[in-house]
Structure formats: C-alpha cells, structure tokens
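Heads up, the thing below is written out as structure tokens.
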Protein chains: 2
Amino acid sequence: MAEKDTKERILDAAEELFAEFGFAHTSMRKITSTAGVNLAAVNYHFGSKEELIKAVFTRRLMPINAERLRRLAEVEAGEPTLEALLEAFIAPHLEMKEAGGNDRFVCLIGRSYTDHAPLLNEHVRALNKDVVARFKAAFSAQLPHLPRRELSIRLHFLVGTVAYTMAGPEMIHLLRGVRISEGDNAKALVERLVPFLAAGLRAPLPEQLPEFVVSRAS
Amino acid sequence: MAEKDTKERILDAAEELFAEFGFAHTSMRKITSTAGVNLAAVNYHFGSKEELIKAVFTRRLMPINAERLRRLAEVEAGEPTLEALLEAFIAPHLEMKEAGGNDRFVCLIGRSYTDHAPLLNEHVRALNKDVVARFKAAFSAQLPHLPRRELSIRLHFLVGTVAYTMAGPEMIHLLRGVRISEGDNAKALVERLVPFLAAGLRAPLPEQLPEFVVSRAS
DNA sequence: GTATCATCCAAACGTTCGTTTGAACCATAC
DNA sequence: GTATGGTTCAAACGAACGTTTGGATGATAC
C-alpha cells in the first residue's frame, strides 16, 4: 500500500521533472522532495537513477504499445490504408491522456528518441521492437514498390517528425500554448501529421539514387 | 597565436565531445584534457561552460547560414522549385565537411533542436532567425494554396525530420556505419530527404481540419 | 635592461551529485 | 506479549562538478 503509493509518487514526480528539465538536470533530491518522499526511497525502490528512468518509460510505453497493436489488428481486419496505419502507429502516443497518462510524458517520449542516453535508447528500442517490426511489415504491404531499404529510411524520417513534434515542451514551438492534453489537440495534430507523412512515404523515388557508403564496424 | 590555437583546440574538443556524450555529460575536465589545455582555459577564454556551448554553435552556424542564403538567392535568381528550395535549406548543414566543418557537428546541430537546453535553443533560434524568415517566405510562394498557419506547422515537421536524422551518432540508426562525411553520403541523404519532404509539404489538406486549442500564456 | 600585458598553470574552492548506512518505524504473524 | 520483514528516515559518504585564485611564463614595447 504505502509502498505502491511511494513508487507511483516517485514515478509521477520523475516523469514531470524529466519532461521539464531533462534527465541530467533533474536530481534525485528534486525528485524525492517533489514526490514528498525520502531521498533514499528511489534507491530502495528502483535501485538507481538509471533504473528509475527506465521504469518511467516502461510504465507508459507498455500500454501504449498494446494499444498500437490493438489498433493495427483493427485496421488489418478491414482494408488497410496507409493513412489508417499511420494513425494507428502515431495516435496512441498523443492520446495517452485518456489512458491515464500525463501529457507531460508525450514530450518525454519524444526526448527518449532524441536525447543522448544510450542505455535509455536501447531500453526504449527493446520495448518498441515488436511493434515496430509489425508496423514495418504493414507499411511495406501498403508500399510494395518501395525497396525495403528505402522504406526503412523513410520510416526513420517519420519517427523524426513525430519525435520532434512531441519533444517540445509545448506540442509545437510555433504555436506556443498548444498542449496535447487540451481539448482535441491530439486529434488536430494527428490529422495534420498523417497527410504529411502519408504523402512523404508515397513520394516517387528519384530515378538515380546514390547509395550510402558504409564505413566502420557493424 | 597561442590564444587562437587554444581557443580552437577547445572548440574542436568540445564539439566532438558534446556530439558524442551530450552537454551535461561532458565535463570541463574532459574537454580541456582532450584539447590538451589547462582546466582554467575554458573559463579564461569563454567565461563559462554555457558560453563555450554557444561559441561552438556560433562558429559553425554562421557560415552555414551564409551558405543557405547564398543558395537561396541562387535558386530565386532562376525559376525556383520546391525541391530546389528544400535543397538550399537542408544541404548546407549536411555538406559542412567541405566548409571545414567536422562531421560530428552535424549531429550537434540536430541535438541543438532536440535537447532540452533553453538557453541554447534560444541562441540557435536567434542565429537562424533571419534565414528561417527568408525561407519561409520562399516556401510560401511555392505553396500559395497553403494557409500560413498550416505552412508553419509543416515546416515544423520538416525541421523535426532533418534534426532527428542529423542527431543520431551515425547519420541514420538503421544504417549503422553510415557517416555523413564519408564519400557522398550527404548527397545521398539530401536526395532522399528532398522528395520525402516536398511530397509532405505539397500534400492536400483534409477538408475538415480541427483547430488547435490554445491555453496558457504565450 | 625594465615594464606591461595576455596567456597559462597547479591547486584549491564550495557545491551538488548519486548512493549508502544503520537505526527507527509499523504493520502482521505467532 | 515477541518476532519478522518490508518500509521510511536523517545523516553522512566519496566523487565529480564548474569556477576561482594567485603566481609563473613569455613575448612585446620602451
């Protein structure tokens, strides 16, 4: 009881502070004092700051990815379109509010892709691995003309667009004051992202595409 | 002589380390030892770590933005196309190598957009302000049907795509080992980004577009 | 020669960090 | 009652941080 209470208070405080100040600039003392718990509580319940960060993401990402797969199955049950796939892929992140999520976390997700934190990147990548593979196959089926390699690159572009859009403290820097959790802003954003991304994914390939030169290992 | 040498050695080391480890995880001691200078040199020449970070960006961003404006003028001298504008906007970042830039800086530029460092964000925004305004007008002329507000949003998507693509330690996570400075990878990347982004910018608007709800202060 | 000035340097400053400790607390089980 | 085991707590740990100091260094001007 008290345990779970403390753990969740810590997760909530950490989520909020990480989103606002970043991981490196959020100290354990700030987290625990915001959560109203003892300084040692984080190490007791999570082991370390690093593990706390991972726990913050795991808590939100698991239900989001479940929802993404649910929507994917729903779309594939009918006659899938590229737009429907994109919405299934993107919307669960932005509409987290209804799933009990704090809208602060939306910008944390974005940051998990863009921040330099190798251990976190790997953790998030692992959490998303199955979902990404499933969606990649679905996208590929909708874009049969696109070589696998080129699809991968364009999906990378896609992730960048979404991550950057989510990473801002306000949803969009240009529109200061727009918050994802307000009204139907999530829907407004999805309905702008989907046509943009669908058109990008469908864009014809240039006739002569120079290959990338791979150096180094792996 | 020795001064300029020291300053540039510091800038080079800082650029490299910031790109690899991020700002918060790069200590002054690591910077100065990598540069082979005394610990106090940074504070002597730059005043503080914060000012050093700004100097790292100013050094590279000024010539890049000059080049962007030069290319924009070149494009506008003929009959501009959306693709040509995009290339003028994007390519100077990626082809910095030829301008004497370290390819490590490419990923630093990306990070300057995505990292949470308000003072740096503002600094970079100020450095880019004029360029962005000029290009925005040029894009608007190529997309006369697109309401200004919607153009702004799509340009935000664009920046996200480019920034995220540049922010990875390797140019593209999917293609480990691809480095922008190798061979013509910059060109290969530009020729994939441009069609993707041009198609996205040109995408038709949905008939019914829900407006964003603005809360809070500006 | 001496004076001047920017630069460099070893050493230390005070602060903050993540983590650990060992005792106190308080349910529940016996 | 006593024992147990998970939880909380104040306090302290050593390490790393950005910054400052005051003198040494070395070139240039006179």
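Throughout, a chain's letter reflects where its sequence line sits, starting with A, and its residues are numbered from 1. Please read these numbers as outputs of a predicted model, since none were measured by experiment.
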Short side-chain N/O contact to C:dC8 OP1/OP2 from B:His45, under 4.0 Å | yes
When you check the gap from the basic side-chain N to the acidic O, do B:Arg71 and B:Glu76 get nearer than 4.0 Å?
-> no
Rounded to whole angstrom units, what separation is found between the NZ atom of B:Lys7 and the P atom of C:dA6?
-> 13 Å
Roughly, in whole Å, what's the span from OH in B:Tyr44 to P in D:dT25?
-> 17 Å
Contacts to DNA chain C from residues 30-38 of chain B, heavy-atom cutoff under 4.0 Å, which residues?
-> B:Asn38
Ion pair present between A:Arg149 and A:Glu211, side-chain N to carboxylate O less than 4.0 angstrom?
-> yes
Determine, step by step, whether A:Arg59 and A:Glu15 satisfy the salt bridge (charged side-chain N to carboxylate O under 4.0 Å, His left out) criterion, reporting the C-alpha distance in whole Å, the side-chain angles of both residues, the deciding distance to 0.1 Å, and the verdict.
-> CA-CA 10 Å; A:Arg59 176 174 69 152; A:Glu15 181 174 285; 3.4 Å; yes
Sort out for me which residue in A:Asn121, A:Leu119, A:Leu127 forms a side-chain contact (heavy atoms from CB on, under 4.5 Å) with A:His123.
-> A:Leu127
Evaluate the ring planes of B:Phe23 and B:Phe57, with Trp represented by its six-membered ring, and classify them as parallel (under 30°), tilted (30 to 60°) or perpendicular (over 60°).
-> tilted
Are the charged groups of A:Asp12 and A:Lys7 less than 4.0 angstrom apart, N to O?
-> no
Are the charged groups of B:Lys54 and B:Glu122 less than 4.0 angstrom apart, N to O?
-> no
In whole angstroms, the gap separating P of D:dG18 from CD of B:Glu51 amounts to 15 Å
Between the protein and nucleotides 16-18 of chain C, which nitrogen or oxygen pairs come in under 3.5 angstrom?
residue	atom	partner	partner atom	Å
C:dG18	OP1	A:Lys49	NZ	2.6
C:dG18	OP2	A:Met28	N	2.8
C:dG18	N7	A:Arg29	NH1	2.7
C:dG18	O6	A:Arg29	NH2	2.6

Does a salt bridge link A:Arg154 with A:Glu150, judged by any charged N lying under 4.0 Å from a carboxylate O?
-> no
